Amino acid sequence: MKIPLQRAYYTGRETAVIREALQGPLGGGGRYLQKNTSWLEDRLAGSRVLMTTSATHALEMAALLLELQPGDEVIMPSFTFPSTANAVLLRGARPVFAEIGEETLNIDPGDIEKKITRSTRAIIPVHYGGVGCQMDIIMELAQSYGLYVIEDAAQAVNARYRGKPLGTWGHLGCYSFHGTKNYSCGEGGALLLNHGAAGLLAKSEIIWQKGTNRRAFLLGQTDRYTWMGVGSNYLPSELQMALLATQLEEIVTITNLRRQVFEYYTARLKTWVERGVIRTAGIPGDCESNYHLFYIRLRDERTRDTVMTKLRTQGIEAAFHFIPLHSSPMGKSLGYQPGDLPVTEEAARTLLRLPLYAGLTGDERDYVMDCLESILAELE
Ligand SMILES: *Cc1c(COP(=O)(O)O)cnc(C)c1O
């Protein structure tokens with residue numbers, strides 16, 4: 001059997017919807033963009049949504065919007081994807097890497113506070129695997145030090161912390177609809193302007209629409225459109241938005257299918273956890289996950305690599321995550337060294353992700369678990 005790490009889920013209506021989109025202009029800002037915007041805004045009470053070409057671009061928009069500049073520092077985990085840090089670097093500001101906690105592998109609020117200096121402008125918490133950071137504590141910290149919070153909620157669409165959707169806690173939130181995410185249109189994303197950032201809407205629409213007030217023009221608020229300020233082009237095409245609309249309509253089904261895989265793996269691996277052979281991903285009681293990924297942790301790097309290789313030989317695409325940003329070549333050039341963030345480094349050495357996607361069949365789940373269990377038995 002060949003089982004990839006991820007596979008997009010299709011509803012069967014994609015071709016019809018894309019054919020329909022082909023009837024109209026394909027450029028950004030059309031009917032399907034509006035449809036997805038309303039869909040999200042209806043479910044994210046009080047937040048304004050700008051659909052984007054990716055979460056990477058939503059993060060870049062956030063950095064532009066807050067006018068980050070050389071000399072500014074932004075605190076984020078090192079255990080994340082490079083886009084989180086690139087958005088900051090592109091403005092000439094400095095990413096400052098904070099440690100994560102063992103339970104969720106999310107940024108540790110205690111370490112955020114230790115890393116705040118007079119140059120700190122913002123915090124970017126990342127919700128790993130769709131499990132929320134401790135947003136209440138992070139928002140309190142931000143408030144007492146006068147900092148902005150940009151949530152990298154790329155993996156956290158449709159997940160909640162203390163009942164409130166992730167991406168809506170901070171001033172700004174960034175979603176991804178990339179092909180590897182739960183709900184996807186190949187490449188896509190969204191920027192959320194939340195309570196406290198509503199005043200930034202006009203400015204963000206200018207940044208979004210190539211530095212023009214085209215948005216205000218389309219809304220009939222001005223009789224021509226022109227260059228208003230710095231900006232770029234972050235609009236997704238109608239083809240992407242048509243595809244995304246079919247995914248959002250099936251969001252409950254997709255999430256339930258993913259949850260079933262997550263729960264099945266958890267149940268099958270319970271005794272191995274109890275015997276201390278592995279650890280699995282925890283979901284704290286105040287988090288509602290979207291089941292973006294499932295991982296186990298092995299006792300050391302060698303064991304992890306052995307298990308990964310053996311699974312791959314049997315056609316199962318298991319994978320590690322992430323190479324910590326501070327120990328990457330780019331991180332080193334920023335002055336960081338291996339050893340700076342021990343919890344992060346230990347997670348990166350011992351973590352193994354297993355295939356998790358909505359279309360994973362019962363037989364395939366069994367096969368993944370059968371193979372893994374026999375490999376784990378050999379370890380003992
Ligand atoms: C996927 C991901 C991104 C980038 O999302 P794109 O939509 O592919 O640009 C950023 N941050 C994190 C944590 C991610 O997982």
Side-chain angles (χ1 to χ4, degrees), residues 6-11 13-14 32-33 35-52 54-55 58-59 80-81 104-106 125-135 150-170 172-195 236 240-241 243-263 265-266 281-295 353 356-360:
Q6 286 140 341
R7 177 181 278 159
Y9 176 85
Y10 294 119
T11 63
R13 292 189 304 102
E14 287 76 13
Y32 283 101
L33 179 136
K35 187 171 178 186
N36 294 324
T37 306
S38 307
W39 194 96
L40 286 166
E41 286 183 348
D42 287 348
R43 284 157 184 82
L44 305 170
S47 298
R48 299 302 304 265
V49 173
L50 300 184
M51 303 305 300
T52 63
S54 64
L59 286 158
T80 182
F81 192 73
T104 57
L105 308 184
N106 282 333
V126 177
H127 308 298
Y128 183 62
V131 173
C133 297
Q134 291 167 282
M135 288 311 297
I150 306 166
E151 290 176 78
D152 181 339
Q155 302 185 3
V157 178
N158 196 35
R160 290 162 184 267
Y161 177 72
R162 304 214 156 160
K164 183 169 162 168
L166 295 174
T168 70
W169 280 82
L172 302 167
C174 303
Y175 281 168
S176 175
F177 301 108
H178 183 263
T180 56
K181 301 300 201 274
N182 290 22
Y183 325 104
S184 89
C185 59
E187 299 281 358
L191 176 68
L192 276 51
L193 298 143
N194 303 320
H195 184 72
Q240 287 157 290
M241 290 298 95
L243 192 52
L244 185 62
T246 65
Q247 295 267 301
L248 294 180
E249 276 164 14
E250 296 287 332
I251 198 162
V252 174
T253 309
I254 295 172
T255 312
N256 280 336
L257 288 167
R258 300 184 75 100
R259 179 173 49 77
Q260 284 163 23
V261 178
F262 188 99
E263 288 176 352
Y265 284 171
T266 305
I283 303 177
D286 43 16
C287 294
E288 230 173 277
S289 179
N290 62 5
Y291 309 97
H292 176 58
L293 52 82
F294 185 91
Y295 65 82
R353 295 156 66 203
L356 196 171
Y357 47 89
L360 198 70

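Along the sequence shown, the residues carry numbers beginning at 1. These numbers come from a predicted model, not from an experiment.
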Separation between [atom1] of [X] and [atom2] of [Y], rounded to the nearest 0.5 Å:
X	Y	atom1	atom2	result
Glu263	Ile283	CD	CD1	8.0 Å
Gln134	Cys287	CD	SG	8.5 Å
Ile251	Thr246	CD1	OG1	11.5 Å
Glu41	Leu193	CD	CG	9.0 Å
Ile150	Asn194	CD1	CG	11.5 Å
Arg259	Thr255	CZ	OG1	9.0 Å

Can you name the closest pair of heavy atoms from [X] and [Y] and give their distance?
X	Y	value
Val157	Tyr183	O-CE1, 3.5 Å
Ser289	Gly129	OG-O, 3.9 Å
Tyr161	Trp169	O-CZ2, 3.1 Å
Ala245	Tyr32	CB-CD2, 4.2 Å
Thr104	Tyr128	O-CD2, 4.0 Å

Using modelled atom types and a 3.5 Å cut-off, is there a donor and acceptor pairing between side-chain atoms of [X] and backbone atoms of [Y]?
X	Y	answer
Glu14	Leu243	no
Glu151	Thr168	yes
Asn290	Ala159	no
Asn106	Val131	yes
Thr52	Ala190	yes
Gln247	Tyr9	yes

So, do [X] and [Y] sit near enough that their side-chain heavy atoms are less than 4.5 Å apart?
X	Y	result
Trp39	Leu244	no
Leu191	Cys174	yes
His127	Met135	yes
Leu192	Leu172	no
Leu40	Met51	yes
Thr11	Glu249	no

For Phe177, the option from Pro236, Ser54, Cys185 that meets side chain to side chain contact (heavy atoms under 4.5 Å, CB included) = Cys185
Does the side chain to side chain contact (heavy atoms under 4.5 Å, CB included) test come out yes or no for Leu44 and Tyr175, once each step is laid out?
-> CA-CA 12 Å; Leu44 305 170; Tyr175 281 168; 3.7 Å; yes
Just one of Thr180, Asn158, Asn182 clears the side chain to side chain donor-acceptor pair (under 3.5 Å) bar with His292, so which one?
-> Asn182
Look at the rings of Tyr265 and Phe294 and say which category their plane angle falls in: under 30° parallel, 30 to 60° tilted, over 60° perpendicular.
-> perpendicular
Walk me through it: do Leu356 and Arg258 pass the test side chain to side chain contact (heavy atoms under 4.5 Å, CB included)?
-> CA-CA 7 Å; Leu356 196 171; Arg258 300 184 75 100; 3.7 Å; yes
